[in-house]
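Counting starts at 1 for both ligands and their atoms, in listed order. Sequential numbering from 1 along the given sequence is applied to the chain's residues.
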Amino acid sequence: MKHVILVRYGEISLKGLNRNYFIDLLARNIRSALSRLESVKIRKVHGRIIVDIDDSDMQEGLERIVRVFGIVSVSPAAVIESRLEVIEQTVEDLVKPLDFRTFRVSARRADKTFPMQSMELARHLGGTVLRAVPDITVDLHDPELNVQVEVREETYVYHETIQGPGGLPVGCSGKTGLLLSGGIDSPVAGYMMAKRGLAPVGIYFHAFPYTSDRAKEKVVSLAKILAGYTGSFKLYVVPFTELQLEIIEKCPERQITILIRRYMARIAEAIAEKEGLGSLTTGESLGQVASQTQESLLVTNEAAHLPVLRPLIGMDKQEIVEIAQRIGTFETSILPYEDCCTIFVPKHPDTKPKLAAVKKSEEALAETAPEMIRKAVEDSEIIRV
Ligand code: ATP
Ligand code: MG
């Protein structure tokens, strides 16, 4: 018997004129999430997406598709001819191996040429189930098993509905530059903005040899995990050592952290221009560390023109960890490799930096920094995962 995955989407059907655009994009993202599976074909029918897939690919197909943003739920379904005898037989075959005490049949006849109305069909198939399985009863309100039948040009029979991630199709909101470190927070931030339809381009500041190649590999691994949700993922590995040493040499120690942030923002903006990014995204959370205060945010923002999105700003570490575990980044994030910011942490960082004072310190870099920024972007290694 042939099977399909029925895909339901929610929010995007509310988008009025953009509706077709959203559905096309969602279909494209599904195709890309399932591209490894050769049997897959994707159709758009009756305001829904239907994925034709071989039984041998079904399990993997389901695992992959439930990560595609914009999907509310999916159901693996048998697809059969819209003839009563065939429907009866399929329902019987479906319920016989299942273990349940109570059930209902929900039927929907969208094809008006089919001789039975929805209610009548549901009752009729209820009889089929009662005859096929001993010791069961009908429960319309809270059944253990809900057999669903949809009659169109072809008929779908299914009983399972698996929740999708919701959100909006990746790409429908544009692209964001995700400042991706090896930590717990920034992959979660990237996941959250991708859920709102932004396609992230990763930007990782690598201070080799102060940060090892293993630290870089860790970020690449995180990018790979995120790519499971976003489709392809482009990662800039920015050589940051030179600029960082320049800051350390020429600026007051207590301002190092905030200055590093400002130069990260500037380099990210240069990449944004090249890549057509509409915002930057970071994993900052208010008060989590010394550099994440309102005063610091003000001073960092002043160095950037693009909006800086901080989806974790109001979250506790525990809440962030829970998401990291759920999306599968946590285990990689806690690998012990060093981060450039943890190597050069000043002993007494300025938690309330003053913009004027910071700008004054930057004067010492006025000659050298612009060229270093340009070179950092130019020498960035671009990794596609
Ligand atoms: P994370 O868990 O994401 O590493 P964190 O708790 O370590 O965050 P910070 O070190 O203050 O916090 O960094 C705040 C944010 O700045 C990070 O979430 C990330 O978006 C960005 N960031 C920090 N270091 C880097 C880096 N080496 N490369 C790219 N982005 C970075
Ligand atoms: Mg970090």
Is any side-chain heavy atom of [X] closer than 4.5 Å to a side-chain heavy atom of [Y]?
X    : Y    : answer
I313 : L297 : yes
R196 : L309 : no
K96  : E92  : yes
F114 : L84  : yes
K317 : D185 : yes

Which ligand 1 atoms does [X] reach within 4.0 Å, using its non-hydrogen atoms?
X    : answer
M264 : 24 (N), 25 (C), 26 (C)
V289 : 11 (O)
I184 : 2 (O)
G283 : 17 (C), 18 (O), 20 (O)
T282 : 20 (O)
I203 : 29 (C)
G183 : 1 (P), 2 (O), 4 (O)
L180 : 28 (N), 29 (C), 30 (N)

Decide, yes or no, whether a salt bridge links [X] with [Y] under the criterion of side-chain N to carboxylate O below 4.0 Å.
X    : Y    : answer
E144 : R101 : no
R36  : D57  : no
E378 : K375 : no

Return the option from [options] holding the heavy atom at the smallest distance from [atom].
atom                    : options                : result
atom 8 (O) of ligand 1  : I267, D185, L222       : D185
atom 20 (O) of ligand 1 : L179, T281, T211, L178 : L179
atom 16 (O) of ligand 1 : R261, Q292, Q244       : R261

Legend entry - S186 and S181: side chain donor to acceptor below 3.5 Å: yes

Legend entry - Under 3.5 Å: N/O of Q288 near N/O of ligand 1: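 Yes, at least one N or O pair falls under 3.5 Å.
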
Legend entry - Geometric N/O contact Y204 with ligand 1, under 3.5 angstrom: no

